[in-house]
**Q** 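I'd like to ask you about the structure that follows.
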Amino acid sequence: MEARKSVKKSWYVHLLLFTGTVLMIFPFIWMFLSAFKTDLDVFSYPPKWLPSTWTLENFPRVLEMVPFVRYYLNSIVVTSSITFGQVFLSILAAYALARLHFPGKTAVTILLLSTMIMPFQVTLVPMFMIVYKFGWIDTYQGLIVPFLFSGFSIFFLRQFFVTIPKDLEDAAKIDGCGYFGILFNVIMPNSKAPIGTISLFVFLTHWRSYLWPLVVTNSPEMRTLPVGLKYFVEEGGTQYNLMMAASLMAIIPVLIVYIVAERHLVKSTTLTGLKF
Amino acid sequence: MKKREHRETVVAYVCLAPALILAVVFMIVPMIMVFYISFSNWDFVNPVKNFVGLKNYVYIFSDEKFLKSIRNTLYFAGVKIPLDLVISLFVAVLLDKKIRMKKFYRVSYFAPVVTPMVAVALIWIWLFDPTFGPFNQILSFVGLKPLKWLYDPNWAMPSVILFSLWKGLGYDIIIFLAGLQSIPTHLIEAAYIDGANSRQAFFKVTLPLLSPIVYFVVLMGIINSFKVFTQISVMTPRGGPLYSTGVMVFYIYQQAFENYRMGRASAASLVLFCMVIALTQIQKRLGRKSVEYS
């Protein structure tokens, strides 16, 4: 009796969840199918769901119209530099805040915490003007350097660094480790998980970063993938099949990483509590 | 001993120096500058900048577009947050049950969260197309009147909200799911033993225990709604028909980078900031009333 009830119940749970899943995945399926449609299929009325003839033409056409490969490379260079630089500088700062005693610590902590008060959107204009003053508009420096600091990353790591037992540090000291020796041989090896999490988070955040690259780049050669895609729509008009091919090329690597590292990614999301 | 302390201080500041310099140059200075610029007539083309007092504030508050951008932002937040809360909590409760294919469901609900916003916005532009898009085809198939979606002043914002819901739902589902899984089962069982039905158990036990997470989701919802820009800029590049999707960040962007009115943009930025602070404070007050069992 009990078992029959639960089967009946789970049947309706599955129906609800499955309907939801279809709604969630439908846009991806539409993109995938449409990336292979011919121009004729795109502008047919009523819309065709399946391509009448599958074509691979759309992909080279996109690459001809815009420097898509360049967008990709820019995104990779900018995002990797930000991730590597920001995580490295955050480790250094978090180490000082978590494990070292020095005069002015409270003041430094307050200063660094205060950077998190205002959202980036509020300080966008003065940030742009500073980068402009430096002559960094339309350069990699302009895209990278302002994001090498993140109060969030520092305090996220600090919170883990303080939990590492003092005994480990003392043992390393006896073995002749200096301050940096302790950081590289004790603190960092014991914080692989949080460092991995924050790296993944920083990477994903800046891979999709849009507003800043939009205002700071002028030439097509400097555009990152999101900005490049936006201009592709604006300049290419409603060539939907080409849009879908471009979108597919942008999404595929992310989807592969997601499917492979799903568990880790979801955990990292709940841990950092921030939305991409 | 003294020497060691001295060395520790030097090491600490060596470690902190790069972060401190960058923090001051790209965060602290801009935070101070934004106030200063909002009281000046900095228009980028003209290098002369004068103190103009409240002129920028007077301007934006008499600018119909700015007032509309406030309304649009509140509209976005006011519709999106409650819908998101109800749907994601509902799906999380379903996913919390002992069912098969849990992973499959979780992966598909979370997929839009990880995919880049601009890339998926492109897909939805087509889905919304009044003539060649599948949404209208489905509407007419079930006998409903087709819509103009992004091209209709009344429907442009709901369309963007629909897209944003789809994009962000998975995140809140995961957060709620983690919360549901952290609730000790004996509390729920106790409620059943006391004669509660499943609805009572949910509303009287589970939901109050989830209140800190509901609070978190609403807080993030408010903050993120006030920052919304990307999908607006991609799906409605001019702020939609009759500026129906022009949100506050979009207004700031236009003033600063299309009109080069840095003063007005900064004034609008500070209004945005004050609104976020005010709303989160109100929510904090309300949140305190929520039940907590420890």
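Heavy-atom basis, side chains included; hydrogens, waters and symmetry copies ignored. Lettering follows sequence order; numbering is per chain, from 1.
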**Q** Between B:W42 and A:F128, is the ring centre distance below 6.0 Å?
**A**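 Between A:F128 and B:W42, which both carry aromatic rings, the centre distance is not below 6.0 Å.
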**Q** Quick check: does any side chain N or O of A:Q121 sit under 3.5 Å from a backbone N or O of B:V249, one acting as donor and the other as acceptor?
**A**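 No: the side chain of A:Q121 does not pair with the backbone of B:V249.
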**Q** Could you have a look at A:L89, A:L148, A:L23, A:I130 and say which one has the most heavy-atom pairs with chain B under 4.5 angstrom?
**A**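 Going by pairs under 4.5 Å, I would pick A:I130.
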**Q** Only counting residues at least two apart or in another chain, list the ones meeting side chain to side chain donor-acceptor pair (under 3.5 Å) with B:Q181.
**A**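 By the side chain to side chain donor-acceptor pair (under 3.5 Å) rule, B:Q181 matches no residue at all.
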**Q** At a heavy-atom separation under 4.5 Å, does A:L183 approach chain B through its side chain, its backbone, both, or neither?
**A**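 Neither part, no heavy atoms under 4.5 Å.
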**Q** Does any part of the side chain of A:P126, heavy atoms only, come nearer than 4.5 Å to the side chain of B:I37, both counted from C-beta?
**A**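 They are in contact (side-chain heavy atoms under 4.5 Å apart), so the answer is yes.
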**Q** Heavy atoms only, distances under 4.5 angstrom: which of B:A17, B:P237, B:A111 has the most pairs with chain A? Name it, please.
**A**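 The candidate making the most pairs under 4.5 Å is B:A111.
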**Q** Please classify the contact between B:L122 and chain A as side chain, backbone, both or neither, with a heavy-atom cut-off of under 4.5 Å.
**A**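 Its backbone and side chain both get close to chain A.
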**Q** By a 4.5 Å heavy-atom criterion (distance strictly below it), what part of A:L255 contacts chain B: side chain, backbone, both, or neither?
**A**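 For A:L255, the contact with chain B is made by the side chain alone.
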**Q** For the residue pair B:K227 and A:F120, establish whether any side-chain heavy-atom pair is separated by less than 4.5 Å.
**A**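 Side chain of B:K227 against side chain of A:F120, heavy atoms only: no contact under 4.5 Å found.
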**Q** For chain A, which candidate among B:L20, B:V14, B:V91, B:V24 shows the most heavy-atom pairs at distances under 4.5 Å?
**A**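 Of the options given, most contacts go to B:L20.
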**Q** So which of A:A250, A:G178, A:A246, A:P103 has the biggest tally of heavy-atom pairs under 4.5 Å with chain B?
**A**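 Of the candidates given, the most pairs with chain B belong to A:P103.
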**Q** A:P47 and B:G133: which non-hydrogen atoms are nearest, and at how many Å?
**A**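 Minimum heavy-atom separation between A:P47 and B:G133: CG-O, 3.6 Å.
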**Q** In terms of heavy-atom pairs under 4.5 Å with chain B, which of A:V215, A:I25, A:V233, A:V254 leads?
**A**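 Of the candidates given, the most pairs with chain B belong to A:V215.
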**Q** Let me confirm one number: the OH-CG distance from B:Y253 to A:L214, rounded to the nearest 0.5 Å.
**A**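 Atom-to-atom, B:Y253:OH and A:L214:CG are 4.0 Å apart.
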**Q** Which atoms of B:F141 come close to chain A, meaning under 4.5 Å heavy atom to heavy atom: side chain ones, backbone ones, both, or neither?
**A**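 Neither part.
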**Q** What do you reckon, is CZ of A:F180 surrounded by more than 12 foreign heavy atoms closer than 6.0 Å?
**A**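 Enclosed.
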**Q** Quick one, B:F26 and A:V131 - any side-chain contact, counting heavy atoms below 4.5 Å?
**A**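 Result yes, sub-4.5 Å side-chain heavy-atom pair found.
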**Q** Counting only heavy atoms closer than 4.5 Å, note whether B:S233 contacts chain A via side chain, backbone, both or neither.
**A**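 Both parts, backbone and side chain.
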**Q** Pick from B:C15, B:S266, B:P18, B:A121: which one has the most heavy-atom pairs with chain A under 4.5 Å?
**A**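 When all of B:C15, B:S266, B:P18, B:A121 are compared, B:C15 has the most.
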**Q** What I'd like to find out is whether the side chain of B:L95 reaches to under 4.5 Å of the side chain of A:V13, using heavy atoms alone.
**A**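 No, too far: nothing below the 4.5 Å cut-off.
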**Q** So which of B:K98, B:R106, B:M117, B:M248 has the biggest tally of heavy-atom pairs under 4.5 Å with chain A?
**A**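 The answer is B:R106.
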**Q** With a 4.5 Å heavy-atom cut-off, do A:L124 and B:F229 have their side chains touching?
**A**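 The answer is no; the side chains never approach within 4.5 Å.
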**Q** Side chain, backbone, both or neither: which part of B:L127 has a non-hydrogen atom closer than 4.5 Å to chain A?
**A**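 Contact with chain A is through the side chain of B:L127 alone.
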**Q** Let me know if A:S44 has heavy atoms under 4.5 Å from chain B in its side chain, its backbone, both or neither.
**A**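 Interface part for A:S44: backbone (N, CA, C, O).
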**Q** Checking B:K103 against chain A: side chain, backbone, both or neither under 4.5 Å from a heavy atom?
**A**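 B:K103 touches chain A through side-chain heavy atoms alone.
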**Q** So which of B:W124, B:W126, B:F128 actually passes ring pair (Phe, Tyr, Trp, His ring centres under 6.0 Å) with A:Y240?
**A**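 Looking at B:W124, B:W126, B:F128, the match for A:Y240 under the ring pair (Phe, Tyr, Trp, His ring centres under 6.0 Å) is B:W126.
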**Q** So what's closer than 4.5 Å to chain A heavy atoms on B:F90: side chain, backbone, both or neither?
**A**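 Side chain of B:F90 only, per the 4.5 Å heavy-atom cut-off to chain A.
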**Q** Can you say whether A:V227 sits under 4.5 Å from chain B via the side chain, the backbone, both, or neither, judging by heavy atoms?
**A**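 No part of it gets close to chain B.
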**Q** Side chain, backbone, both or neither: which part of A:L97 has an atom under 4.5 Å from a heavy atom of chain B?
**A**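 Contact with chain B: side chain only.
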**Q** Quick check on the interface: out of B:I32, B:V234, B:V107, who has the most heavy-atom pairs with chain A under 4.5 Å?
**A**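 Heavy-atom pairs under 4.5 Å are most numerous for B:V107.
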**Q** Between B:I223 and chain A, with a heavy-atom cut-off of 4.5 Å, which part of the residue counts as in contact: side chain, backbone, both or neither?
**A**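 For B:I223, neither part sits under 4.5 Å from chain A.
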**Q** By a 4.5 Å heavy-atom criterion (distance strictly below it), what part of B:F226 contacts chain A: side chain, backbone, both, or neither?
**A**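 Neither part; nothing is under 4.5 Å.
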**Q** Among A:W207, A:F232, A:F26, which residue has the highest count of heavy-atom pairs closer than 4.5 Å to chain B?
**A**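 Looking at each option in turn, the highest pair count goes to A:F26.
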**Q** By a 4.5 Å heavy-atom criterion (distance strictly below it), what part of B:V25 contacts chain A: side chain, backbone, both, or neither?
**A**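 The answer is both parts of B:V25.
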**Q** Under 3.5 Å, is there a donor-acceptor pair between the side chain of A:Y210 and the main chain of B:Q231?
**A**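 Checked: no pair found.
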**Q** With a 4.5 angstrom heavy-atom cut-off, is it the side chain or the backbone of A:F134 that approaches chain B, or both, or neither?
**A**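 Only the side chain of A:F134 comes within 4.5 Å of chain B.
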**Q** Quick one: does any side-chain atom of B:R100 pair with a main-chain N or O of A:H14 as donor and acceptor, under 3.5 Å?
**A**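 Between the backbone of A:H14 and the side chain of B:R100 there is no qualifying donor-acceptor contact (under 3.5 Å).
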**Q** More than 12 non-hydrogen atoms from neighbouring residues, nucleotides or ligands closer than 6.0 Å to CZ on A:F18, yes or no?
**A**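 Open.
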**Q** Please step through side-chain contact (heavy atoms from CB on, under 4.5 Å) for the pair B:I123 and A:I251, ending with a clear verdict.
**A** CA-CA 11 Å; B:I123 308 173; A:I251 285 175; 4.3 Å; yes
**Q** At a 4.5 Å cut-off on heavy atoms, which part of A:Q86 comes close to chain B: side chain, backbone, both, or neither?
**A**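 Contact with chain B: none, neither part.
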**Q** Please classify the contact between B:F273 and chain A as side chain, backbone, both or neither, with a heavy-atom cut-off of under 4.5 Å.
**A**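 Contact with chain A involves both backbone and side-chain atoms of B:F273.
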**Q** Could you look at B:I138 and say if it's the side chain, the backbone, both or neither that has a heavy atom under 4.5 Å from chain A?
**A**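 Looking at B:I138, just its side chain touches chain A.
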**Q** B:L272 versus chain A, heavy atoms under 4.5 Å apart: side chain, backbone, both or neither?
**A**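 Side chain of B:L272 only, per the 4.5 Å heavy-atom cut-off to chain A.
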**Q** Checking the side chain of B:Y109 only, and the main-chain atoms of A:L17 only, is there a donor and an acceptor separated by less than 3.5 Å?
**A**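 Yes, B:Y109 side chain to A:L17 backbone: donor-acceptor pair under 3.5 Å.
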**Q** Select one option (side chain, backbone, both, neither) describing which atoms of A:Y132 are under 4.5 Å from chain B's heavy atoms.
**A**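 It is the side chain, since no backbone atom gets that close.
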**Q** Do you know which of A:T115, A:T21, A:V125 has the most heavy-atom pairs with chain B at a distance under 4.5 angstrom?
**A**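 Option with the top pair count is A:T21.
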**Q** Enumerate the side-chain hydrogen bond (donor to acceptor under 3.5 Å, both in side chains) contacts for residues 11-21 of chain B, please, sequence neighbours excluded, ordered by first and then second residue.
**A**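 Sorted pair list comes back empty.
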**Q** Applying side-chain contact (heavy atoms from CB on, under 4.5 Å) to B:L16 and A:F102, what does each step give before you reach the verdict?
**A** CA-CA 11 Å; B:L16 284 164; A:F102 56 94; 3.5 Å; yes
**Q** Is A:L113 atom CG crowded by more than 12 heavy atoms from other residues, nucleotides or ligands, each under 6.0 Å away?
**A**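 Enclosed.
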**Q** For B:E8, is it the side chain, the backbone, both or neither that has a heavy atom under 4.5 Å from a heavy atom of chain A?
**A**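 Its backbone and side chain both get close to chain A.
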**Q** Check whether B:F135 gets within reach of chain A through its side chain, its backbone, both or neither, counting any heavy atom under 4.5 Å.
**A**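 Only the side chain of B:F135 comes within 4.5 Å of chain A.
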**Q** Which pair of non-hydrogen atoms, one from B:T115 and one from A:R208, has the smallest distance, and what is that distance?
**A**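 Taking every non-hydrogen atom into account, O-NH1, 3.4 Å.
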**Q** For the candidates A:M244, A:M118, A:M127, which exhibits the highest count of non-hydrogen atom pairs separated by less than 4.5 Å from chain B?
**A**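 Among A:M244, A:M118, A:M127, the one with the most close pairs to chain B is A:M118.
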**Q** Name the member of B:G170, B:A265, B:P112, B:A268 that forms the most heavy-atom pairs with chain A at distances under 4.5 Å.
**A**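 Maximum pair count with chain A is reached by B:P112.
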**Q** Please verify the inter-ring angle class for A:F43 with B:F132; under 30° counts as parallel, over 60° as perpendicular, anything in between as tilted.
**A**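 Geometry flag for B:F132 against A:F43: perpendicular rings.
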